[in-house]
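Whatever order the structure lists ligands and atoms in, that order sets their numbers, starting from 1.
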Amino acid sequence: MSENIKKLILGIETSCDETAASIVAHYGLGRGKILSNIVRTQLKEHENFGGVVPELAARSHIIHLENIVQKALEEANIELDEIDAIAATAGPGLIGGVLVGLTFAKGLSAATNKPLIAVNHLEAHALSARLSDEVSFPYLMLLVSGGHSQFLLVNNIGDYQLWGTTIDDALGECFDKVAKMLSLGMPGGPKVEEMALKGDNKRFKFPRPLLHEERLDFSFSGLKTAVRLQAEKIAPLNEQDICDICASFQQAVIDIISARSKDAIIKFKQEFPSIKCQLIVAGGVAANKGISKALKEVTLQQDAILIVPPISLCTDNGAMVAFAGAERFALGASDGLDFIAKPRWSLDSEDMRVNQNEL
Ligand code: AMP
Ligand code: MG
């Protein structure tokens with residue numbers, strides 16, 4: 001497949017609480033341009049429940065997706081006819097939402113005769129840095145979002161190794177739950193970060209689970225419980241107590257992420273002694289300035305490179321789905337209309353592989 005032919009790809013994302021669509025122009029592997037990137041967040045719809053309600057999320061995607069796709073086409077100034085392929089998140093995620101986006105994409109594909117590309121949401125995150133930055137394979141990826149916390153070795157398109165993951169809560173989920181127990185509202189992450197800026201990060205000594213172990217996994221559930229027990233112990237909380245809890249909690253998170261990232265970089269350097277380690281961070285938690293500052297320090301100390309793509313690409317969006325679809329399409333991949341949506345879909349599974357010989 002020639003590298004120079006421009007392909008226009010529509011990307012659809014509905015795996016959690018963002019209804020998103022985007023048009024990406026793809027000029028060959030690693031070279032994409034975002035022509036539109038429309039995201040409608042459902043934050044307000046789930047606010048009163050203190051978390052995403054899967055059934056409500058799916059219904060909301062049904063109501064809004066068509067309009068969001070229309071907007072993505074309009075903003076890119078592209079007619080549906082001009083699209084070369086339709087990419088949609090096919091998992092992992094909240095299955096009701098995934099089904100809405102994938103079924104919509106299948107319908108479009110059947111009606112227009114354009115190929116369908118079923119995209120793994122995690123692959124879309126993993127490749128998104130190639131859309132915004134000069135990144136070469138292999139690289140290390142830290143994905144910290146509302147649904148995932150993991151280290152991935154990104155060897156190539158379709159070729160990933162999971163180096164570590166959370167054994168319980170995702171980090172973003174942990175931020176959200178801490179915010180909820182302190183009645184800070186949603187989205188929790190930014191609220192906790194804001195309060196932490198005014199607090200004493202040494203007042204409470206919260207646990208740093210799994211840090212004594214060699215594996216690169218995370219565990220945040222014990223930390224969350226420790227925060228709850230501490231808050232109950234000193235209740236009723238005044239404003240300064242809340243700020244101190246947030247600061248001490250965030251410091252525990254920073255220590256965990258820093259130590260784990262250092263270990264992951266050391267492992268990368270052992271496996272690839274002649275390649276400079278690039279650490280890519282994605283997911284909504286990447287917006288946390290305390291965490292990104294700590295990661296900057298770790299990468300500096302380890303002579304590695306830190307890349308944090310723009311936050312609009314770090315959180316859930318359609319451009320990363322379009323781009324991942326485009327990269328797979330350029331390698332000759334496409335999927336049948338019988339592709340089954342997957343609530344769980346590990347990136348290191350065999351069905352992620354694409355034929356690199358198509359190059
Ligand atoms: P995502 O799942 O990638 O869409 O990201 C959403 C998650 O990121 C939510 O759990 C947010 O609470 C979390 N988040 C967003 N901003 C921040 C922040 N500044 N600090 C910590 N977590 C954050
Ligand atoms: Mg995500």
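- Across Gly284, Ala282, Gly290, heavy-atom proximity to atom 14 (N) of ligand 1 is greatest for Gly284.
- Ile257 has its side chain within reach of Phe218: a pair of non-hydrogen atoms, C-beta onward, lies under 4.5 Å apart.
- Below 4.0 Å from some heavy atom of Asp176 lie the following atoms of ligand 1, by number and element: 9 (C), 10 (O), 11 (C), 12 (O).
- What you find for Phe249 and Cys174 is that their closest heavy atoms are CE1-SG, 3.7 Å.
- Ligand-side atoms of ligand 1 in range of Ser145: 1 (P), 2 (O), 3 (O), range being under 4.0 angstrom from any heavy atom.
- The aromatic rings of His125 and His121 lie perpendicular to each other, with more than 60° between the two planes, well past the 30° mark.
- Counting heavy atoms from C-beta outward, Pro92 and His148 have side chains that approach closer than 4.5 Å.
- Ring geometry for Trp345 against Phe339 counts as tilted: the plane angle lies between 30° and 60°, on a 0 to 90° scale.
- Annotation: side chain of Leu162 is in contact with side chain of Leu152 (closest heavy-atom distance under 4.5 Å).
- Between the choices Cys314, Gly51, Gly146, the shortest heavy-atom distance to atom 6 (C) of ligand 1 belongs to Gly146.
- The proximity of Asn288 to ligand 1, defined as any non-hydrogen pair under 4.0 Å, involves the side chain as well as the backbone.
- Under a 4.0 Å criterion applied to the non-hydrogen atoms of Gly283, ligand 1 contributes the atoms 3 (O).
- Of all atoms in ligand 1, listed by their number and element, those nearer than 4.0 Å to a heavy atom of Glu193 are 18 (C), 19 (N).
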